[in-house]
J.: 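Quick one: the structure is below, and I'll ask about it shortly.
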Amino acid sequence: MISKSLLLSEPASPAHICPFDQACSYLEAAAKELNLNQGLLEILSHPRKVVTVSIPVKLDDGEIQVLAGHRVQHSDVLGPYKGGIRYHPAVTLREVSALAMLMTWKCALLGIPYGGGKGGIAIDPKRYSVGELERISRRYISELIKDIGPSVDIPAPDMGTSSREMAWMMDTYSVNVGHAVPGVVTGKPLSIGGSLGREMATGRGVMIIVREALAQQGKSLAGVRVAIQGFGNVGSAAAELLHQAGAKVIAVSTGAGGIFSEVGLDIPKLKVYAAENRKSIMGFPQSVPISNADLLTLPCDVLIPAALENQITEENVNQVQARIVAEAANGPITLEANLALEARGVTVLPDILANAGGVVVSYLEWVQGLSYVFWDEERVNREMEHLMVQAYHRVIQQSEVRQIPLRLAAYTLGVGRVAQALTDRGLYP
């Protein structure tokens with residue numbers, strides 16, 4: 001068993017296994033399959049650095065509020081730390097630590113020269129003005145100024161943040177060092193060194209992995225019935241690209257609820273409708289309302305949870321009817337539910353593979369920024385697809401050779417590469 005004494009005095013969530021415990025469980029399973037010794041497992045299970053900073057901010061009404069900002073740096077054995085910064089009320093140090101660990105395995109699996117990092121502030125960004133968010137973002141990155149950099153730790157957008165926050169953070173870092181440093185963050189606006197293709201990258205990666213999984217079964221995307229929980233940046237991009245490829249997207253949802261159409265939703269029109277209605281999809285013509293819970297149990301070929309963690313649990317897993325589940329969100333399936341799906345022969349495309357398109361294009365943006373040579377969107381998409389398809393087939397091969405499920409195959413590849421690098425670099429005593 002992994003010792004967690006060095007990490008986090010926060011209690012685990014009582015509702016489901018907490019993200020950090022779940023991440024450690026997947027690590028333990030991979031370590032057992034790889035026959036790693038306990039000492040190496042202990043090193044892999046603990047982040048190298050955990051930083052928590054105070055963020056004093058003056059609100060528009062003159063009130064002073066002090067927020068806590070976290071940045072967890074899990075491993076840099078393969079390269080600089082890489083990972084998003086999320087603004088969400090549910091952010092905890094345990095969650096950020098879990099996501100940093102998962103990013104380490106994800107980058108290793110994709111063959112990207114990064115280690116895992118993650119950051120977050122427990123706020124609801126909708127409750128703050130643009131000016132307040134700018135002050136929060138700038139102070140947060142100022143407090144981390146010694147812990148980030150283009151060869152140290154490279155933040156990116158995540159839940160509740162966007163290219164706007166990355167622009168503020170890049171500017172703050174650049175002012176502190178005295179010159180523009182486009183490589184300090186990714187997911188930036190194009191005007192200051194962002195990459196074409198970044199906005200759709202995670203959703204495009206989901207589409208590519210679903211397409212490859214269907215091809216493995218002798219099928220194409222044409223006519224495939226797809227349900228997507230979550231219509232944010234990832235879910236809407238995946239829906240649009242799947243729709244373009246001929247899939248029938250029969251249901252999508254947001255936090256406020258979802259919509260369903262037996263004949264398939266017109267995704268381009270739905271995106272326009274949502275933009276005109278403050279991101280709401282409710283009331284879209286030729287659709288009927290559906291709850292998030294009911295969406296997960298619809299009769300469909302492909303189910304894509306693209307919202308929050310712990311959505312498919314032991315309580316509802318037996319009602320899931322999809323034959324392929326692609327984890328566009330991080331950890332949307334609990335441990336017990338994952339085992340139940342695998343036992344039923346459902347193809348589960350794990351998050352560290354299915355949602356890796358974002359970090360792949362972040363890597364490509366970083367490469368462009370360091371070289372000051374920028375590519376057209378076609379090349380970005382082509383390079384990303386190449387890396388995603390290669391990773392998928394490595395996972396399939398590992399699954400077949402070891403006779404293990406896809407999730408465990410993905411983890412053995414990611415964990416194994418990091419463990420080998422630790423050994424080769426002499427960092428494991």
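Positions are given from 1 along the sequence.
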J.: Report yes if the side chains of E365 and K188 come closer than 4.5 Å at any heavy-atom pair, otherwise no.
T.: yes

J.: Which atoms form the tightest heavy-atom contact between R417 and G111, and what is the distance?
T.: NH1-CA, 3.4 Å

J.: Does R211 form a side chain to side chain contact (heavy atoms under 4.5 Å, CB included) with L242? I'd like the steps, not just the answer.
T.: CA-CA 9 Å; R211 183 196 69 199; L242 287 163; over 6 Å; no

J.: Which heavy atom of I281 sits nearest to which heavy atom of S253, and what is that distance?
T.: CD1-CA, 3.8 Å

J.: Please list all pairs passing the side-chain hydrogen bond (donor to acceptor under 3.5 Å, both in side chains) test where one or both residues lie in residues 347-356, with sequence neighbours left out.
T.: K106-N355, Q217-T347, N330-N355

J.: Just wondering, are more than 12 heavy atoms of other shown residues or ligands nearer than 6.0 Å to CD in Q319?
T.: yes

J.: Within the 4.5 Å heavy-atom criterion, are M101 and S97 side-chain neighbours or not?
T.: no

J.: Do T104 side-chain atoms and G116 backbone N/O form a donor-acceptor pair below 3.5 Å?
T.: yes

J.: Would you please classify the geometry between the Y273 ring and the F284 ring as parallel, tilted or perpendicular, with 30° and 60° separating the classes?
T.: perpendicular

J.: Side chains of R198 and S362: do they bring a donor and an acceptor to under 3.5 Å?
T.: yes

J.: Distance only, no hydrogens: is a donor on one side chain within 3.5 Å (strictly under) of an acceptor on the other, for S137 and Y87?
T.: yes

J.: Answer yes or no: are there more than 12 heavy-atom neighbours, outside Q390 itself, under 6.0 Å from its atom CD?
T.: yes

J.: Can you spot which of V302, V234, V249, L303 makes a side-chain contact (heavy atoms from CB on, under 4.5 Å) with I228?
T.: V249

J.: What heavy-atom pair brings F260 and E262 nearest, and what distance separates the two atoms?
T.: CZ-OE1, 3.3 Å

J.: Is there a donor-acceptor pair under 3.5 Å between the side chain of H74 and the backbone N or O of L44?
T.: yes

J.: Quick check: do I121 and V91 have side-chain heavy atoms less than 4.5 Å from each other?
T.: no

J.: Show me the side-chain donor-acceptor pairs of residues 147-156 shorter than 3.5 Å, one per line, residues at least two apart or across chains.
T.:
| residue | atom | partner | partner atom | Å |
| --- | --- | --- | --- | --- |
| D147 | OD1 | K49 | NZ | 2.6 |
| D153 | OD1 | R71 | NH2 | 2.7 |
| D153 | OD2 | R71 | NE | 3.0 |
| D153 | OD2 | Q73 | NE2 | 2.8 |

J.: Does the T161 side chain pair with the main chain of I85, one donor and one acceptor, at a distance under 3.5 Å?
T.: yes

J.: Just so I know, are the side chains of V348 and P405 near enough to count as touching, which here means a heavy-atom distance under 4.5 Å?
T.: no

J.: Regarding Q216 and E212, do their side chains bring together a donor and an acceptor under 3.5 Å, going by distance alone?
T.: no

J.: Verify, without hydrogens or angle tests, whether R225 (side chain) and P299 (backbone) share a donor-acceptor contact under 3.5 angstrom.
T.: yes

J.: Should K118 and L102 be marked as a side chain to side chain contact (heavy atoms under 4.5 Å, CB included) after you check the CA-CA gap, both sets of side-chain angles, and the distance that decides it?
T.: CA-CA 10 Å; K118 204 74 174 184; L102 293 180; over 6 Å; no

J.: For a quick check under 3.5 Å, do N338 and E342 share a side-chain donor-acceptor pair by atom type?
T.: yes

J.: Ignoring hydrogens and angles, state whether a donor on the side chain of S162 or E165 is under 3.5 Å from an acceptor on the partner side chain.
T.: yes

J.: Between K219 and D301, is there a salt bridge with N-O shorter than 4.0 Å?
T.: no

J.: Could you check if a side-chain atom of V320 sits within less than 4.5 angstrom of a side-chain atom of V346, using non-hydrogen atoms only?
T.: no

J.: Does a side-chain heavy-atom distance below 4.5 Å link L27 with Y411?
T.: no

J.: Using only atom types and a distance under 3.5 Å, with no angle test, would you say the side chain of N316 pairs donor to acceptor with the backbone of T313?
T.: yes

J.: Within the structure provided, determine whether L427 and I43 are in side-chain contact (heavy-atom separation under 4.5 Å).
T.: no

J.: Among side-chain atoms of S195 and Q368, is any donor-acceptor pair under 3.5 angstrom?
T.: yes

J.: Got M207 and H243 here, is their nearest side-chain heavy-atom distance under 4.5 Å?
T.: no

J.: Would you call E143 and R139 a salt bridge, taking side-chain N to carboxylate O under 4.0 Å as the test?
T.: yes

J.: Quick check on the 6.0 Å ring-centre criterion: do Y114 and W366 meet it?
T.: yes

J.: Could you tell me whether R164 atom CZ has more than 12 heavy atoms of other residues or ligands within 6.0 Å of it?
T.: yes

J.: Kindly indicate, with the supporting measurements, whether the criterion side chain to side chain contact (heavy atoms under 4.5 Å, CB included) is fulfilled by Q229 and L308.
T.: CA-CA 9 Å; Q229 186 199 45; L308 296 171; over 6 Å; no

J.: Answer yes or no: does atom CD of E199 have more than 12 heavy-atom neighbours from other residues, nucleotides or ligands under 6.0 Å?
T.: no

